[in-house]
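Encoded as structure tokens, the structure appears first; notes follow it.
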Amino acid sequence: MHRHTDAEPLRIGPYALRSRAVLAPMAGVTDAPFRALCRAFGAGLAAGEMVTSDTRLWHTPKSRRRLDPGDADSPRVIQLAGADPQVLAAAARESVARGAEIVDLNMGCPAKKVCGRLCGSALLTDEALVARILDAVVAAVDVPVTLKIRTGWDPAHRNGVRIARLAENAGIAALAVHGRTRADFYAGAAEYATIREIKSSVAIPVFANGDIDSPRKAREVLDFTGADGVMIGRASHGAPWIFRAVNLQLQSAATSPPLQRAEARDIILAHLDSLYHFYGEESGVRIARKHLGWYCGQLLQDATHVRRELLGAADTVTQFAQARRYFGAWADAAVAA
């Protein structure tokens, strides 16, 4: 088993990642503004939102935004979902033509609208099809191809180790493993024993994913699994600064100083500004609501009233002014104390 040491950079193909904590691709979350924010706090990689492999649908406003690389640092990652090897291969080629430097394949999403079409984690039930997909996509492009999986379809069919070996044999450059089966969805606790077994079975980089919600948990999961890095998803909601804290823990076992309230306020307002710029007025105010809800939940003690005001704002000017007022008062209260 090969595991990268702290002194040895973690590489995906020709790309040396600047940290071992990476952002999980999440539909409706990891747009260009959020990716840029997480990269600024030290995420070693930030994949875009999952895109269908059916390129006929790429002309829609939603797909165009999802395919927008933004100003993200290299390497730029586009994640594809699909079930037809040749369609996925064509989509991978088109992704590279649009600026993707890494193509990521999704075999981990548990959503019914994805799994119902034998995409996402449903593919884990057909290992022969998985092999054909991986072979086709790796052959189609000259950039690294990575893969996101779950540990299996259900607890009785944890075939993650076999899938990982298929991936390595096909030339997949790195693997991210969510420590749940598809049947688990997001319930219960992630299990890391299968990830540990996968890491001991392949030589390619492995990222452990699932319930990694603190610097300490990141360290524990890496130590237990032997994985090369951690992939952080839901814990970044309303807390993009988690990457700074995790990286400090992984690099030096040091504890990150608490986030200053004034810094958090400025981050939130800058995030809102970038969302408005990226999406425009109508979509911007709507997309910002979920992020503001998460920021309220992360930072404010009694956020019910504030959340109602922020989520009820009908336009960006009102929403921004309310956010500046509420989070500004929260920051000022710390100074006064």
Side-chain angles (χ1 to χ4, degrees), residues 23-35 45-70 72 75-150 153 163 166-167 170-176 178 182 185 209 231 233 278-280 282-283 286-287:
L23 176 66
M26 293 173 283
V29 181
T30 52
D31 53 21
F34 191 70
R35 295 198 306 272
L45 204 61
E49 303 170 77
M50 182 175 66
V51 179
T52 175
S53 58
D54 186 348
T55 56
R56 294 172 300 179
L57 303 177
W58 285 13
H59 66 277
T60 66
K62 179 183 280 189
S63 288
R64 281 204 303 270
R65 282 195 295 261
R66 288 188 172 189
L67 290 159
D68 186 338
R76 294 185 294 275
V77 188
I78 288 180
Q79 188 189 64
L80 301 174
D84 183 292
Q86 296 313 313
V87 171
L88 275 162
R93 283 192 291 269
E94 180 63 23
S95 298
V96 173
R98 289 169 178 252
E101 294 168 304
I102 294 174
V103 172
D104 186 54
L105 297 176
N106 183 304
M107 296 187 188
C109 181
K112 284 184 180 175
K113 68 178 180 180
V114 174
C115 285
R117 294 197 294 265
L118 199 70
C119 299
S121 52
L123 286 166
L124 301 177
T125 62
D126 190 340
E127 294 178 18
L129 177 57
V130 168
R132 292 198 300 276
I133 287 171
L134 301 182
D135 287 340
V137 176
V138 170
V141 293
D142 57 3
V143 304
V145 179
T146 58
L147 177 64
K148 176 103 187 309
I149 66 170
R150 287 192 165 221
W153 177 252
I163 297 289
L166 286 176
I172 290 297
L175 186 66
H178 185 111
R182 192 276 167 183
F185 222 77
N209 174 232
M231 180 173 276
F278 186 72
Y279 287 103
E282 186 178 340
S283 294
R286 179 175 52 82
I287 297 291

Could I get the full list of side chain to side chain contact (heavy atoms under 4.5 Å, CB included) partners for Asp135, not counting sequence neighbours? Ala170
To the nearest 0.5 Å, tell me how far [X] [atom1] sits from [Y] [atom2].
| X | Y | atom1 | atom2 | value |
| --- | --- | --- | --- | --- |
| Ile78 | Met50 | CD1 | CE | 14.0 Å |
| Arg150 | Ile163 | CZ | CD1 | 14.5 Å |
| Arg76 | Arg35 | CZ | CZ | 10.0 Å |
| Phe34 | Leu23 | CZ | CG | 6.0 Å |
| Gln79 | Glu49 | CD | CD | 10.0 Å |
| Asp126 | Trp153 | CG | CH2 | 12.0 Å |

Are the side chains of [X] and [Y] in touch, meaning some heavy atoms are under 4.5 Å apart?
| X | Y | result |
| --- | --- | --- |
| Trp58 | Ser53 | no |
| Leu105 | Lys148 | no |
| Leu166 | Glu127 | yes |

Here the pair of heavy atoms bringing Asn209 nearest to Ala24 is ND2-CB, 4.4 Å
Considering non-hydrogen atoms only, spot the tightest contact between Ile133 and Met107 and give its length. CG2-CE, 3.9 Å
Please list, one pair per line, the donor and acceptor atoms closer than 3.5 Å that link side chains of residues 137-147 to other protein atoms, with sequence neighbours excluded.
unit_1: Thr146; atom_1: OG1; unit_2: Asp104; atom_2: OD1; d: 2.7

Asn106 and Leu80: CA distance, side-chain angles, deciding distance, side chain to side chain contact (heavy atoms under 4.5 Å, CB included) verdict: CA-CA 6 Å; Asn106 183 304; Leu80 301 174; over 6 Å; no
Atom pairs and distances, donor-acceptor, side-chain atoms in residues 82-93, under 3.5 Å, two or more places apart:
unit_1: Asp84; atom_1: OD1; unit_2: Gln86; atom_2: N; d: 2.9
unit_1: Asp84; atom_1: OD1; unit_2: Val87; atom_2: N; d: 2.9

Can Glu94 and Arg98 be counted as an ion pair, charged N to O under 4.0 angstrom? yes
